[in-house]
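Only one structure is covered here, and it is reproduced in the block below.
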Amino acid sequence: MKELKKKILYSKEVIDRRVKELADAISRDLEGKEVVLVGVLKGAFIFLADLARYLKISHTVDFVRLASYGSGSVSSGNITLSKDIETDIEGKEVVIVEDIIDTGITMAFLRERLEKRSPASIRICALIDKEYRREIVIHVDYAGFAVDKGFVVGYGLDFDEKFRCLPDIYVIEEQDCDYPV
Ligand code: IMP
Ligand code: MG
């Protein structure tokens with residue numbers, strides 16, 4: 001495959017500052033509560049690791065593994081859950097930690113599933129919010145960056161499993177991918 005052209009969108013310094021601000025906001029809102037972070041694998045693994053270490057409140061961490069994409073970049077709309085949480089969330093404050101909210105289909109699916117287990121509350125924390133792409137209304141309580149164009153990679157986000165471990169966030173310039181710009 002030929003090299004994809006990509007340009008930097010958020011540097012690791014900018015990301016770091018923003019993640020700390022999100023952690024501060026969550027710490028303020030949920031102080032004294034029983035908090036469970038639910039990370040969505042794989043995309044949120046780096047974001048969650050940084051966010052969790054900036055939180056000033058005690059919390060536990062769990063993960064789900066959800067996928068809606070095939071190997072390309074357009075959501076299939078079919079969500080598969082191949083790993084569920086193992087924590088009892090009844091009566092606890094859940095914060096879903098997601099990399100990107102795009103159509104909202106994945107979040108709506110997860111929220112509905114978690115609601116059935118009677119948590120005290122569910123909040124959504126997303127590193128990137130692509131509101132212009134929304135097909136389902138989803139309230140994002142903590143959004144890192146609003147992106148209004150293109151497919152982004154790095155800091156956990158992949159294109160076909162590539163680029164996840166880049167420390168900065170990039171937008172793929174050349175539309176070699178099938179994602180609508
Ligand atoms: P949704 O169900 O359409 O909201 O899709 C959300 C999922 O699609 C995210 O968790 C990402 O894994 C993936 N996704 C959406 N847009 C991008 C992008 O620009 N880069 C990388 N992954 C993306
Ligand atoms: Mg994801």
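Only a predicted model underlies this, so the values are computations on that prediction, with no experimental measurement involved. Order of appearance sets the numbers: ligands from 1, and atoms from 1 within every ligand.
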For ligand 1, indicate whether the residue Glu98 contacts it via side chain, backbone, both or neither (heavy-atom separation under 4.0 Å).
side chain

Interfacing atoms of ligand 1 (cut-off 4.0 Å, heavy-atom, [X]):
| X | result |
| --- | --- |
| Ile100 | 6 (C), 9 (C), 10 (O), 15 (C), 16 (N), 17 (C), 18 (C), 19 (O), 20 (N), 23 (C) |
| Ile105 | 2 (O), 4 (O) |
| Thr106 | 1 (P), 2 (O), 5 (O), 6 (C) |
| Lys130 | 16 (N), 17 (C), 18 (C), 19 (O) |
| Asp158 | 21 (C) |
| Thr103 | 1 (P), 2 (O), 3 (O), 4 (O) |

Under 4.0 Å between a side-chain nitrogen and a carboxylate oxygen: does that hold for Arg134 and Asp129?
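Salt bridge flag = yes for Asp129 with Arg134.
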
For ligand 1, is there an atom lying under 4.0 Å from some heavy atom of Gly104?
yes

Assess Arg134 for proximity to ligand 1: is some non-hydrogen atom of it under 4.0 Å away?
no

Can you confirm whether the side chains of Tyr142 and Asp29 place a donor and an acceptor under 3.5 Å from each other?
yes

Less than 3.5 Å apart, which donor and acceptor atoms pair up between the side chains of residues 90-97 and the rest of the protein, not counting sequence neighbours?
unit_1	atom_1	unit_2	atom_2	d
Lys92	NZ	Asp88	O	2.8
Glu93	OE1	Ser121	OG	2.5

Geometry only, no angles: is Val152 polar-contacting ligand 1 at N/O separations under 3.5 Å?
yes

Which residues satisfy the side-chain hydrogen bond (donor to acceptor under 3.5 Å, both in side chains) test with Asp168, sequence neighbours excluded?
none

Close side-chain approach of Ile26 and His59, heavy atoms under 4.5 Å
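When only atoms from C-beta onward are counted, His59 and Ile26 do not touch, as no gap falls below 4.5 Å.
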
As a test of understanding, state which of Ile79, Ile100, Asp102, Ile101 forms a side chain to side chain contact (heavy atoms under 4.5 Å, CB included) with Met107.
Ile101

For residues Phe163 and Tyr170, establish whether the separation of their ring centroids is below 6.0 Å.
no

